[in-house]
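The structure appears below as structure tokens.
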Amino acid sequence: MNKRYDLLHPSTYRFIDQSNMGPTFSALQSFAIDDALAISVGEKESPTAARLWVHHDTVVLGIPDARLPNISEAIDYLKEEGYQVVVRNSGGLAVLLDEGVLNLSLIFPDAKEVNIHDGYDAMVEFIQHLFSDLTDQIEAYEITQSYCPGAYDLSIGGKKFAGISQRRVKRGSAVQIYLDVSGSGAERAALLKNFYKVGLNDEPTRFQYPNIDPRVMASLNELLGTELTVADVRNRILFQLNDWSDHIVANSLEGEEIETFTKRFEQMIVRNKKALEQINE
């Protein structure tokens with residue numbers, strides 16, 4: 001068996017559904033939860049985990065975004081449009097999350113023995129299989145004029161509907177994907193195009209920020225002519241997890257995981273506050 005098969009077909013999947021937590025559920029909490037799970041899964045105290053999460057009207061910025069020449073004005077623009085803004089303590093660029101965007105984290109063990117690309121490829125295979133009854137056209141390559149472009153962008157016919165990132169903590173790895181299920185991919189892209197326009201204001205920068213073309217982004221519903229909801233995709237994921245393992249446990253954070261989460265969440269609040277304060281200086 002190959003490593004990707006081993007990653008995707010454990011004997012047990014742990015399923016954590018946080019797709020209905022509501023508007024008060026912060027993206028910072030999500031990053032801290034995945035860190036806690038990555039440590040627990042990496043130490044074999046938890047089986048391989050799959051976590052679903054949704055955040056309302058949130059723009060998650062990467063460290064390079066915080067260095068835009070006019071970042072303070074750009075954040076004000078996002079807030080005026082009704083979005084809360086957080087800065088994650090990692091690379092990558094701005095991503096927009098709302099009620100039509102479902103996030104999935106697959107948390108795998110043995111990060112030190114498994115190539116980082118195996119984690120990415122496992123998520124690609126998971127999503128291709130998830131929608132195999134609807135399309136066989138899902139491809140993974142960089143859509144350069146999308147927001148947060150990367151080598152593992154998922155697209156159909158050149159239009160991106162998902163992006164994948166990976167965070168490795170100790171011996172565990174959290175492979176995270178956002179899936180634009182419903183709504184307008186172009187409208188989401190247009191908002192971030194304006195964000196960069198305000199943030200750059202035609203000033204030169206060493207870092208190459210994306211030149212976003214809203215026409216290269218779409219939701220799954222737009223691409224497939226479907227009326228999928230986040231709940232529909234949740235059910236598909238649960239069915240696939242059940243099909244790909246011997247059994248599923250549905251345990252939320254417990255014991256040391258809660259302590260790790262609390263510690264990581266507090267650290268992220270401090271770092272995020274510091275990042276935003278530096279922006280406003």
Side-chain angles (χ1 to χ4, degrees), residues 4 7-8 19 50 52-55 58-62 64-65 88 90-106 115-167 173-196 208-230 232-234 236-237 240:
R4 202 158 70 235
L7 288 175
L8 289 170
S19 59
L52 298 179
W53 37 293
V54 170
H55 294 298
T58 300
V59 173
V60 181
L61 303 181
D65 294 312
R88 64 177 175 272
S90 61
L93 291 165
V95 171
L96 190 151
L97 305 176
D98 59 37
E99 289 174 83
V101 179
L102 179 63
N103 302 274
L104 166 66
S105 298
L106 293 179
N115 186 299
I116 190 167
H117 295 292
D118 287 320
Y120 281 114
D121 290 337
M123 181 63 87
V124 172
E125 186 173 316
F126 189 92
I127 299 301
Q128 286 173 331
H129 192 273
L130 189 69
F131 298 109
S132 59
D133 61 318
L134 299 173
T135 181
D136 61 358
Q137 301 298 307
I138 295 173
E139 296 181 281
Y141 63 91
E142 184 172 358
I143 304 296
T144 55
Q145 289 185 287
S146 66
Y147 57 73
C148 199
Y152 286 90
D153 294 337
L154 293 190
S155 60
I156 297 171
K159 293 195 173 189
K160 176 176 169 179
F161 66 89
I164 307 175
S165 61
Q166 186 169 172
R167 183 164 168 79
S173 61
V175 184
Q176 303 161 324
I177 188 168
Y178 74 81
L179 292 160
D180 281 2
V181 177
S182 59
S184 169
E187 283 179 16
R188 293 183 181 108
L191 184 106
L192 288 184
K193 181 182 178 71
N194 289 336
F195 162 76
Y196 285 113
Q208 185 67 44
Y209 292 95
N211 178 22
I212 296 171
D213 179 353
R215 293 172 297 181
V216 304
M217 300 196 72
S219 67
L220 276 167
N221 282 344
E222 291 172 317
L223 292 168
L224 300 175
T226 50
E227 294 183 5
L228 292 168
T229 63
V230 160
D232 291 333
V233 179
R234 171 211 177 269
R236 281 175 173 260
I237 290 168
Q240 186 158 309

With rounding to the nearest 0.5 angstrom, report the [atom1] to [atom2] distance, [X] to [Y].
X	Y	atom1	atom2	result
S219	L224	OG	CG	8.5 Å
L154	I177	CG	CD1	4.5 Å
I138	I127	CD1	CD1	7.5 Å
N194	I212	CG	CD1	9.0 Å

Under a 4.5 Å cut-off applied to non-hydrogen side-chain atoms, are I237 and L102 in contact?
-> yes

Going by heavy atoms in the side chains, are L220 and L134 under 4.5 Å from each other?
-> no

Sorted by first residue and then second, give each side chain to side chain donor-acceptor pair (under 3.5 Å) pair with at least one member in [range]; sequence neighbours left out.
range	result
residues 137-147	S146-K160
residues 92-104	D98-R188
residues 116-125	R4-E125, H117-Y152, D121-Y152

Kindly say whether [Y] contributes a backbone atom to a donor-acceptor pair with the side chain of [X] at under 3.5 angstrom?
X	Y	value
T58	L97	no
D153	G150	yes
D180	G185	no
Q166	I116	yes

Show the numbers, then the answer: is there a side chain to side chain contact (heavy atoms under 4.5 Å, CB included) between L96 and Y178?
-> CA-CA 9 Å; L96 190 151; Y178 74 81; over 6 Å; no

With sequence neighbours excluded, tell me which residues meet side chain to side chain donor-acceptor pair (under 3.5 Å) with N115.
-> none

Partners passing side chain to side chain donor-acceptor pair (under 3.5 Å) against S165 (at least two apart in sequence or in another chain) | Q176

Output all residues satisfying ring pair (Phe, Tyr, Trp, His ring centres under 6.0 Å) with F126, sequence neighbours left out; order by chain, then residue number.
-> W244

Given F161 and V181, is the side chain to side chain contact (heavy atoms under 4.5 Å, CB included) satisfied, shown in steps?
-> CA-CA 8 Å; F161 66 89; V181 177; over 6 Å; no

Considering non-hydrogen atoms only, spot the tightest contact between R234 and L52 and give its length.
-> CG-CD1, 3.4 Å

Over 12 foreign heavy atoms within 6.0 Å of NZ, K159 = no

